[in-house]
Amino acid sequence: AVVSKYATSSARHGTLDPAASLRMTHTATPTGTATAWAGINIALVKYWGKRDAAANLPAVGSLSLTLAELGTRTTVTFDPTLTDDRFELNGVARDDDARVRALLDGVRRLRCLDRRARVVSRNHVPTASGLASSASGAAALAVAAWAASGGDPTVARADAAFVDLVRRGSGSAPRSLYGGLVELDRSDGQVHPVLPPEAWNLRMVVARLAHGPKATSSREGMARTARTSPYYAAWIAAHPADLVEARAAIEARDLARLGTVMERSTARMHACMLAADPPLRYWNGRTLDALDVVAGLRAAGVGAWATMDAGPHVKVLCADADAEAVRSALCAVAPEDDLQITRPGPGAHVEPR
Ligand code: PMV
């Protein structure tokens with residue numbers, strides 16, 4: 001077995017074998033179980049495209065907001081009696097999920113652990129609908145597994161090897177490791193917090209505009225865009241300026257400036273996808289209806305800006321004071337049950353038992 005830098009220092013220096021470090025780990029957490037929550041994150045400056053598919057490194061940086069109310073809760077138990085990993089999502093067995101296995105294998109490798117795990121996960125967001133549940137799912141799984149192995153996830157999230165694992169699970173998942181506004185760096189695929197959740201009274205009104213899974217995964221969509229869209233190179237070239245502008249807007253707490261760059265980044269990402277062959281269109285008619293509602297709000301003097309990801313849903317960035325007005329205006333395009341006012345939330349963390 002590989003003895004990583006995460007093993008105990010005596011194991012690292014070769015005085016103990018990995019099994020001994022494992023026993024020490026389990027002295028620290030006798031039951032080997034932990035539950036973690038990770039909020040979904042919505043990109044304000046978008047990520048679309050990979051520069052290294054194997055390491056899942058992005059072709060562009062990105063900047064996002066982690067939300068409080070929507071996310072994934074996952075319990076991981078390393079169980080010496082198991083002969084194989086077990087995974088349950090929303091009450092349904094999904095034992096052969098390759099990404100879950102890969103993430104668990106990564107944690108086992110870094111932690112010098114060979115026990116199999118029981119994973120029970122619940123999405124508090126519609127699964128595979130373009131509402132970013134893969135990001136919160138990977139972040140919650142990694143944090144729960146890390147803690148169940150006796151590690152401290154608040155230390156691990158600043159560590160390149162741990163973040164690499166999370167990013168391999170889902171390209172946008174590392175952004176859920178921190179709360180509030182978070183940036184993922186193109187250069188090394190690492191993440192850093194930009195502004196904690198309590199620092200700015202933002203709201204994101206989420207309008208769910210379709211039910212059921214999306215037709216094309218973002219992984220496949222990104223590969224098709226990079227391969228066939230004549231606008232892909234222009235997207236990559238124009239992108240850094242949007243990040244610079246978003247950072248400046250955040251620094252100045254200028255919501256109009258941040259909303260404007262978010263809409264521009266969104267439009268450019270979707271234009272680039274629409275020019276793929278065959279075209280990639282995640283929007284539906286209701287997406288456009290919602291965009292009209294947001295444009296109408298702005299014309300009436302309400303500060304509201306819209307964004308869409310790999311799905312038809314519209315997420316509207318606004319100030320706390322305007323959230324209710326935005327929500328009620330969106331009642332024109334979606335039933336009340338499909339509208340939710342969300343707040344900036346904390347980073348992925350272990351929950352007390
Ligand atoms: O993390 P992935 O592979 O699901 O990609 C997410 C891509 C977008 O949601 C469309 C944009 C983003 O930056 O979140």
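Every number for a ligand or one of its atoms is a count from 1 in the order of the listing. Values in this document were obtained by computation on a predicted structure and should not be read as measured data. Residue numbers count from 1 along this sequence.
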- Query: Does some side-chain heavy atom of L181 sit less than 4.5 Å from a side-chain heavy atom of L63?
  - Reply: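 Yes, close enough: below the 4.5 Å cut-off.
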- Message: Please determine whether the number of non-hydrogen atoms from other residues, nucleotides or ligands lying under 6.0 Å from atom CZ of R343 exceeds 12.
- Response: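 12 or below, so no.
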Heteroatom proximity flag, [X] to ligand 1, N/O under 3.5 Å:
X: S218; answer: yes
X: R175; answer: yes
X: Y47; answer: yes
X: S170; answer: yes
X: R219; answer: no

Under 4.0 Å to a heavy atom of [X] - the qualifying atoms of ligand 1, by number:
X: S134; answer: 4 (O)
X: S172; answer: 1 (O), 2 (P), 6 (C)
X: A43; answer: 12 (C), 13 (O), 14 (O)
X: M222; answer: 3 (O), 5 (O), 7 (C)
X: A310; answer: 10 (C)

- Task: Classify the ring geometry between W283 and H270 as parallel (under 30°), tilted (30 to 60°) or perpendicular (over 60°).
- Result: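 W283 vs H270 ring planes: tilted.
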- Using 30° and 60° as the class limits, which term best fits the ring planes of W48 and Y282: parallel, tilted or perpendicular?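 Aromatic pair W48/Y282 classed perpendicular.
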- Where's the contact between S64 and ligand 1, heavy-atom distance under 4.0 Å: side chain, backbone, both or neither?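 Neither; nothing of S64 gets under 4.0 Å from ligand 1.
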- Among R101, R108, R118, whose side chain to side chain donor-acceptor pair (under 3.5 Å) with D85 holds?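 Exactly one option meets the side chain to side chain donor-acceptor pair (under 3.5 Å) with D85, and it is R108.
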- Using a strict cut-off of less than 4.0 Å between a Lys/Arg side-chain nitrogen and an Asp/Glu carboxylate oxygen, indicate whether D309 and K315 qualify as a salt bridge.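 Looking at K315 together with D309, the answer is yes, because their closest N to O distance falls below 4.0 Å.
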- NZ/NE/NH1/NH2 to OD/OE distance under 4.0 Å, R286 and D289: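 Looking at D289 together with R286, the answer is no, because their closest N to O distance does not fall below 4.0 Å.
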- Message: Please identify which of these residues, S134, S176, S136, meets the side chain to side chain contact (heavy atoms under 4.5 Å, CB included) condition with T72.
- Response: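 Checked S134, S176, S136 against T72; only one passes side chain to side chain contact (heavy atoms under 4.5 Å, CB included): S136.
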